[in-house]
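Worksheet: one structure, shown below.
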Amino acid sequence: MAINAIKGMNDILPGDVETWQFLEAKARQVFSAYGFAEIRTPVVEKTELFCRSIGETTDIVEKEMYTFSDKSDNSLTLRPEGTAPVMRAFIQNRLHNLDPVNKLYYMGPMFRYERPQKGRYRQFHQIGAEIIGVESPLIDAQLLAMLHHYFCEIGIDAVQLQINSLGCPECRPDYRQALIDFLELRLGSLCADCQRRYQSNPLRVLDCKATGCQESTVDAPSVLDHLCGSCEDHFARVKKHLAALDIPFSVNARMVRGLDYYVRTTFELVTNQLGSQNAVAAGGRYDGLVESLDGPALSGIGFAIGVERLVLMKGEEKVPAPRPDIFLASMGSEAAEKAFVLMSQLQRAGIRAEMDYLGKSLKAQMRRANKLSARYALILGEQELETGVAELKDMDQSSQQQIELGELVMLMRGLCSSS
Ligand code: HAM
C-alpha cells in the first residue's frame with residue numbers, strides 16, 4: 001500500500017508554492033524595511049523550554065506537543081511555536097551584548113497535535129517577528145504598524161485588529177482572583193476542562209469555546225478594569241500611537257491568548273472568512289519571559305502569522321507559476337542535441353528555457369510548449385542546423401522572426417528584460 005503523509009501535515013505543491021513564496025518574499029521585504037534580521041532555530045528543542053515559557057497549564061503544553069525521548073532519553077519536543085526558541089537562541093548567543101534592541105523574524109514549520117480541520121493543522125507554518133529590549137509603547141505600535149503594512153502588501157484586507165492589555169505581575173493577581181471568585185459561583189455551567197483549570201488558569205475560561213463557558217462568562221470582570229496605573233498608561237499610549245499611525249483597531253477585553261507568557265499588550269488579527277479558525281495572526285508583549293529563561297531582564301513583544309490561513313484567504317487568487325521564456329522544439333537527434341546545448345546556454349544566462357526530453361513528435365512538442373505557456377518557441381531541424389538561422393515564434397502575438405542561432409542568447413536576454 002502506498003504511504004501517505006501524516007494526518008494534519010500537508011504537502012505544498014507546485015501551483016500553490018508560488019503563493020507561499022510570494023507571502024515569504026513580501027515578509028522579508030517589509031520586515032527588512034523595519035530593521036528586522038532573520039533568525040533560524042532548530043525545529044526540535046528541549047521539552048522544558050516550552051513548559052517553562054508557554055506554561056504548564058496551557059492547552060499547548062497539556063495536550064498538543066509532539067514530545068518524545070531520543071536515544072539518550074532526553075525529552076525533546078517539536079516546536080509548537082517560535083517565540084520560546086527565539087528567546088532561547090537570543091539568551092544562548094548573548095545577542096543583547098551586540099545590540100540593546102534586537103528585531104528578529106523567522107518563518108518555518110510549527111507542530112501542534114490539534115484536531116485537524118480547515119485552517120488548523122498539525123504541521124503548520126508561521127511567519128513571526130520579535131522585538132527584544134524595548135518597553136516603550138512606541139514599539140507595540142511600530143510592530144502592529146508593520147503587521148498592518150504586511151497585510152496591505154499581500155493584498156489581504158478582510159482582517160480586523162483587536163487589542164487588549166493583560167496587565168502585569170503587579171495587577172494580574174488582582175484580576176485573577178476577581179475572575180476566580182466570579183467563576184466559583186458558576187462552576188456548574190462550566191465544561192469539565194474549565195472546572196479543572198479555573199483555579200490554575202482562570203483566564204483560559206474566557207477563551208473556552210464551550211457554549212456553557214461562553215454564556216456564563218458574559219458578565220465576567222474585565223481585565224481592563226483591573227490594570228495598575230502603569231499598565232493603564234502603557235495601554236493608553238499604545239492606542240494613541242496606533243491612532244497617530246492611522247492603524248484601525250478595536251479593543252477586545254475578552255481576548256486572553258493561549259500562551260501564559262503574555263503581559264500588557266496582546267492582539268489578534270481576525271477574519272470572518274475562515275470559520276472558527278478566525279485568527280490569522282496573533283501576538284503580544286512578554287516582558288519577563290527572557291528573564292524567566294535565565295536571560296537578562298529585557299522586555300519583548302512579537303507576533304506570528306499563520307501562513308496556511310493567509311493562503312486560504314488568498315483562495316483562488318493564486319500567484320501564477322513562472323512560464324518558460326522559450327521552448328526549444330527539434331526534429332531528429334542532431335537537432336535535439338543542438339537544442340540541448342542552446343537550452344543550457346540560455347539557462348545559464350538566467351532565461352527559463354525548456355525542451356522535449358521524451359523524443360516526442362514536433363506536433364506533440366508544440367502542444368507542450370502551448371501547455372506550459374512558453375512565451376517563445378524555436379524549431380530546430382536539419383535546415384536550421386545547416387544555415388544557422390531559425391524562426392523564433394512569439395507565442396503570444398502569433399508572429400515570428402528569423403534569428404541567427406549564434407545570437408539567440410543575446411536576443412532572448414533583450415526580449416526577457418524588456419517584457
Ligand atoms: P498563536 O496564537 O499560538 O501564537 O499562533 C499564532 C498564529 O499561528 C495563529 O493566529 C494562527 O494563525 C496560526 N496557528 C496556530 N496554530 C495553528 C494550527 N494548528 N494550524 C494552522 N495555523 C495555526 C503564537 O504562536 C505566538 N508565538 C505568537 C507570538 C510571537 N507572540 C509573541 N511573539
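Heavy-atom basis, side chains included; hydrogens, waters and symmetry copies ignored. Order of appearance sets the numbers: ligands from 1, and atoms from 1 within every ligand. This chain uses plain numbering: 1 for the first residue, then up along the sequence.
Closest approach of His226 and Pro221 over heavy atoms only: CE1-CB, 4.0 Å.
The existence of a salt bridge linking Arg352 and Asp325 is confirmed by a sub-4.0 Å separation between a basic side-chain nitrogen and an acidic carboxylate oxygen.
Listed by first then second residue, pairs satisfying side chain to side chain donor-acceptor pair (under 3.5 Å) with a partner in residues 271-289 read Gln117-Ser276, Glu130-Tyr286, Asp140-Arg285, Gln277-Arg309, Arg285-Asp287, not counting sequence neighbours.
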Can you list every pair where an N/O of ligand 1 is under 3.5 Å from an N/O on the protein?
residue: ligand 1; atom: 2 (O); partner: Arg257; partner atom: NH1; Å: 3.0
residue: ligand 1; atom: 2 (O); partner: Arg257; partner atom: NH2; Å: 2.7
residue: ligand 1; atom: 3 (O); partner: Arg112; partner atom: NH1; Å: 3.0
residue: ligand 1; atom: 3 (O); partner: Arg112; partner atom: NH2; Å: 2.8
residue: ligand 1; atom: 4 (O); partner: Arg257; partner atom: NH2; Å: 3.0
residue: ligand 1; atom: 5 (O); partner: Gln126; partner atom: NE2; Å: 3.2
residue: ligand 1; atom: 8 (O); partner: Gln126; partner atom: NE2; Å: 3.2
residue: ligand 1; atom: 10 (O); partner: Ala279; partner atom: O; Å: 3.4
residue: ligand 1; atom: 12 (O); partner: Ala279; partner atom: O; Å: 2.9
residue: ligand 1; atom: 12 (O); partner: Val280; partner atom: O; Å: 3.3
residue: ligand 1; atom: 12 (O); partner: Gly306; partner atom: N; Å: 3.3
residue: ligand 1; atom: 16 (N); partner: Arg112; partner atom: NH1; Å: 3.4
residue: ligand 1; atom: 19 (N); partner: Glu114; partner atom: OE2; Å: 2.7
residue: ligand 1; atom: 19 (N); partner: Tyr121; partner atom: O; Å: 2.9
residue: ligand 1; atom: 20 (N); partner: Tyr121; partner atom: N; Å: 3.0
residue: ligand 1; atom: 25 (O); partner: Arg112; partner atom: NH2; Å: 3.1
residue: ligand 1; atom: 25 (O); partner: Gln126; partner atom: NE2; Å: 3.0
residue: ligand 1; atom: 27 (N); partner: Glu81; partner atom: OE1; Å: 2.6
residue: ligand 1; atom: 27 (N); partner: Thr83; partner atom: OG1; Å: 2.9
residue: ligand 1; atom: 27 (N); partner: Tyr261; partner atom: OH; Å: 3.0
residue: ligand 1; atom: 31 (N); partner: Tyr262; partner atom: OH; Å: 2.6
residue: ligand 1; atom: 33 (N); partner: Thr83; partner atom: OG1; Å: 3.1
residue: ligand 1; atom: 33 (N); partner: Glu130; partner atom: OE1; Å: 2.8
residue: ligand 1; atom: 33 (N); partner: Glu130; partner atom: OE2; Å: 3.1
residue: ligand 1; atom: 33 (N); partner: Gly302; partner atom: O; Å: 3.4
residue: ligand 1; atom: 33 (N); partner: Phe303; partner atom: N; Å: 3.4

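Side-chain contact check for Arg204 and Thr57: no donor-acceptor pair (N or O, by modelled atom type) lies under 3.5 Å.
Aromatic pair Tyr66/Tyr113: ring centres closer than 6.0 Å.
Tyr121 contributes a side-chain N or O that, together with a main-chain N or O of Gly119, makes up a donor-acceptor pair within less than 3.5 Å.
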